[in-house]
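Throughout, residue positions are numbered sequentially from 1 according to the sequence presented.
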Amino acid sequence: MEVTGFFTALVIGLIIGALGRLVVPGRQSIPIWLTLLIGVVAAVLGTLVAGALGVDDTRGIDWIELALQVAFAAVGVAVVAGTYGRRRR
């Protein structure tokens, strides 16, 4: 992963976290900062996996990479919302 790819993943991660939260059905009782953190981690993981699969550098928008990032964010939000909600009650 190049340095520009890493910083792009961080910026996109803020948006990816919100998208991941929207994809997960139901109410998530986690703070927004945690959602954004999950989005950043998901964006980095999605970029790394896309690079490993060889689909990280295409002409135009990297739809497969974006789908991987949103999928990682959705799974992350679902897992954290389940554990965070139980811990807080």
Closest non-hydrogen atom pair, A81 against I30: CA-CG2, 3.6 Å

Test side-chain contact (heavy atoms from CB on, under 4.5 Å) applied to L53 - qualifying residues, sequence neighbours left out: V49, V55, L68

From CG (L66) to OG1 (T47), nearest 0.5 Å: 9.5 Å

Minimum heavy-atom distance between G20 and A73, given as atom pair plus value: CA-CB, 3.9 Å

Nearest non-hydrogen partners of A43 and Q69, listed with the distance: O-NE2, 3.1 Å

Contacts of A74 that satisfy side-chain contact (heavy atoms from CB on, under 4.5 Å) - sequence neighbours left out: V23, V24

Pair L48-V44, side chain to side chain contact (heavy atoms under 4.5 Å, CB included): steps then yes or no: CA-CA 6 Å; L48 290 173; V44 172; 4.2 Å; yes

Scan the side chains in residues 33-41 for donor-acceptor partners under 3.5 Å anywhere in the protein, sequence neighbours excluded, and list what turns up.
| from | atom 1 | to | atom 2 | distance (Å) |
| --- | --- | --- | --- | --- |
| T35 | OG1 | R21 | NH1 | 2.8 |
| T35 | OG1 | P31 | O | 3.3 |

